[in-house]
Amino acid sequence: MANYLLIESRDHFAREGFCGALARTLARDGAQVAVLLVQNGVLAAREGAHADTLADMARAGVVLYADEFSLRERGIAADALSHAVRPAPLDIVIDRMADGWRVVWH
């Protein structure tokens, strides 16, 4: 089965991002799945943000990342992130593509 990196740029609080259901379904079907939050998508990554979708994805085995540049732009420190979300450079996209992962940007 293919591996997937889903990139979510939309604010979770404006609407539930498309990544949640897709990531959980792919993980449940046996794929290795990671979600990279970028731009306003990182707002949901803060500890206490009540982003249930992120917690659901983490419980399903989805690895969650937040783009370091997007975090800096919004004044969000790495230590302010939910324990389920790791900061990552945007280079992770190139690395995953080089490793054969399928990348979907929303």
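We use all heavy atoms of the structure for the numbers below, so side chains are in, but hydrogens, waters and symmetry mates are not. These numbers were taken from a predicted model, which means no experiment stands behind them.
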Identify the two heavy atoms, one from [X] and one from [Y], that lie closest to each other, and give their separation to 0.1 Å.
X	Y	result
W101	L5	CE3-N, 3.7 Å
L64	A84	CB-O, 3.5 Å
T53	G20	CG2-CA, 3.6 Å
L36	D67	CD1-N, 3.8 Å
A31	A2	CB-O, 3.3 Å
A66	V42	CB-CG1, 4.1 Å

(message) Could you check whether D99 pairs with R96 (Lys NZ or Arg NE/NH1/NH2 to Asp/Glu carboxylate O, under 4.0 Å)?
(response) no
Decide yes or no for [X] and [Y]: does some side-chain heavy atom of the first lie under 4.5 Å from some side-chain heavy atom of the second?
X	Y	value
R10	Q39	no
S9	N40	no
E8	V38	no

(request) Check whether F69 and Y65 end up in the same hydrophobic cluster, where Ile, Leu, Val, Met, Phe, Trp and Tyr are linked by side-chain heavy atoms less than 4.5 Å apart. (result) no
(message) So, applying side-chain contact (heavy atoms from CB on, under 4.5 Å) with V103, which one of L6, I7, I94 is it?
(response) I7
(request) Mind checking the OH-CG spacing from Y4 to D29? Nearest 0.5 Å is all I need. (result) 9.0 Å
(message) Apply side-chain contact (heavy atoms from CB on, under 4.5 Å) to residues L54 and L37 and explain how you reach the verdict.
(response) CA-CA 10 Å; L54 294 183; L37 303 169; 4.1 Å; yes
(request) Step by step, work out the side-chain contact (heavy atoms from CB on, under 4.5 Å) result for R86 and L81. (result) CA-CA 7 Å; R86 295 181 247 173; L81 295 177; over 6 Å; no
(request) Can you establish whether the number of heavy atoms outside R102 located under 6.0 Å from its atom CZ is more than 12? (result) no
(request) Could you walk me through whether V35 and M57 pass the side-chain contact (heavy atoms from CB on, under 4.5 Å) test, one step at a time? (result) CA-CA 9 Å; V35 171; M57 286 191 283; 3.9 Å; yes
